[in-house]
Amino acid sequence: MNDVTDSQRKSAKQANFGIIYGITTYGLAQRMGIENGEARQLIDDYFATFPKVREYMEQAKETARRLNYAETLFGRRRYLPDINSKNGTVRGFAERNAINAPIQGSEADIIKLAMIRIWQRFKKEGIRSKMILQVHDELNFSVYPDEAKQVERIVIEEMQGAYPLSVPLIADAGWGDNWLEAH
């Protein structure tokens, strides 16, 4: 992991999220600045390496076609009235949402649980520092310097323990006078 550059990590994220959400060969090539053939090979190799991802994608679309909605781990629903549309473009958008909603919706549910538990721990442990912002899967805090270690410990514990999954939830902390510095 230490040998992976920021540029490589960014490219991997672009490919991973693009493929999962149904990006075309052309779209991936454009996004990554590579040739169409290389993008096609990347997609083929991805599914050969991770065949369960394709199974999940097909199962998510089929379930949504049957129920007319997609659901998070916590039962929140994203209704997809166009999932059975005869218009391929309209149906494709709904299919991408059938794949995306359970993933991103569950992530949103999990971070909300973590936020509640962090707030409860701060209250219980007499922490004066404040949670001030959520951006996707990140939380931003205004922290009193003398509480820094305790805040970091609480935040990591609660984010990593927010919900049991078959894969670990990994959290880390960055520090700075502003959000950019913390990265």
Side-chain angles (χ1 to χ4, degrees), residues 1-114 134-139 156 159-160 162-174 179-180 182-183:
M1 287 300 293
N2 293 335
D3 294 335
V4 178
T5 67
D6 287 341
S7 175
Q8 290 171 321
R9 188 172 285 109
K10 181 181 178 188
S11 291
K13 283 178 79 172
Q14 285 179 325
N16 186 57
F17 289 114
I19 292 168
I20 290 170
Y21 299 130
I23 198 167
T24 64
T25 298
Y26 176 78
L28 185 61
Q30 293 299 305
R31 182 175 294 172
M32 295 184 69
I34 59 177
E35 297 295 322
N36 284 350
E38 188 178 352
R40 171 83 266 149
Q41 188 63 51
L42 195 135
I43 292 169
D44 290 345
D45 290 348
Y46 181 93
F47 286 125
T49 303
F50 305 108
K52 296 273 186 193
V53 172
R54 186 181 300 254
E55 288 176 32
Y56 163 77
M57 293 168 68
E58 294 306 317
Q59 178 269 327
K61 292 187 287 188
E62 185 53 42
T63 299
R65 281 187 198 101
R66 189 171 27 85
L67 300 174
N68 286 319
Y69 63 83
E71 196 169 48
T72 71
L73 289 172
F74 298 84
R76 268 191 322 114
R77 294 178 180 177
R78 168 85 188 258
Y79 287 92
L80 301 165
D82 296 324
I83 192 71
N84 293 304
S85 174
K86 295 195 186 319
N87 180 314
T89 302
V90 171
R91 184 180 61 251
F93 181 76
E95 288 173 345
R96 286 187 295 281
N97 278 304
I99 294 165
N100 182 18
I103 296 168
Q104 288 192 338
S106 294
E107 183 272 333
D109 294 343
I110 290 168
I111 200 161
K112 285 177 181 75
L113 281 175
Q134 175 201 354
V135 181
H136 302 294
D137 62 350
E138 295 184 27
L139 299 176
I156 289 175
M159 287 187 77
Q160 291 184 168
Y163 188 76
L165 296 169
S166 60
V167 294
L169 294 173
I170 304 296
D172 62 9
W179 194 42
L180 185 58
H183 286 90

To the nearest 0.5 Å, what is the distance between [atom1] on [X] and [atom2] on [Y]?
| X | Y | atom1 | atom2 | value |
| --- | --- | --- | --- | --- |
| Thr63 | Ile99 | OG1 | CD1 | 11.0 Å |
| Ile103 | Phe17 | CD1 | CZ | 8.5 Å |
| Ile23 | Ile43 | CD1 | CD1 | 7.0 Å |
| Glu35 | Leu42 | CD | CG | 13.5 Å |

Where [X] and [Y] come nearest, the two heavy atoms and their spacing:
| X | Y | answer |
| --- | --- | --- |
| His136 | Glu107 | O-OE2, 3.5 Å |
| Leu73 | Ser106 | N-OG, 2.8 Å |
| Tyr56 | Ala98 | OH-O, 4.3 Å |

Tell me, please, which residues at least two apart from [X] pass side-chain hydrogen bond (donor to acceptor under 3.5 Å, both in side chains).
| X | answer |
| --- | --- |
| Arg78 | Asn97 |
| Asp82 | none |
| Asp137 | none |

Kindly write out the residues that satisfy side-chain contact (heavy atoms from CB on, under 4.5 Å) with [X], not counting sequence neighbours, or none if the list is empty.
| X | result |
| --- | --- |
| Thr5 | Ser7, Gln8 |
| Asn87 | Ser85, Thr89, Val90 |
| Thr24 | Tyr26 |
| Leu169 | Ile110, Leu165 |

### Query
Are Glu62 and Arg66 within salt-bridge range, i.e. N to O under 4.0 Å?
no

### Message
Which residues pass the salt bridge (charged side-chain N to carboxylate O under 4.0 Å, His left out) test with Asp6, not counting sequence neighbours?
### Response
Arg9

### Query
Got a sec, which residues hit ring-ring contact (aromatic ring centres under 6.0 Å, His included) with Tyr163, two or more places apart in sequence or on another chain?
Phe74

### Task
Could you pull out all residues at least two apart from His183 that satisfy ring-ring contact (aromatic ring centres under 6.0 Å, His included)?
Trp179

Are any non-hydrogen side-chain atoms of [X] and [Y] less than 4.5 angstrom apart?
| X | Y | result |
| --- | --- | --- |
| Leu139 | Met159 | yes |
| Thr72 | Gln104 | no |
| Ile19 | Val53 | no |
| Arg91 | Asn84 | no |
| Phe47 | Met57 | yes |
| Asn68 | Leu80 | no |
| Ser11 | Met32 | yes |

### Message
Considering only residues two or more places apart or on different chains, which pairs with a residue in residues 38-52 satisfy side-chain hydrogen bond (donor to acceptor under 3.5 Å, both in side chains)?
### Response
Asn16-Tyr46, Thr25-Arg40, Arg40-Asp44, Gln41-Asp45

[X] atom [atom1]: more than 12 heavy-atom contacts under 6.0 Å:
| X | atom1 | value |
| --- | --- | --- |
| Arg31 | CZ | no |
| Gln59 | CD | yes |
| Lys112 | NZ | yes |

### Task
Examine distances only and state if a side-chain atom of Glu95 and a backbone atom of Lys61 form a donor-acceptor pair shorter than 3.5 Å.
no

### Task
Sort and list the pairs that fulfil ring-ring contact (aromatic ring centres under 6.0 Å, His included) and have at least one residue in residues 78-108, not counting sequence neighbours.
Tyr69-Tyr79

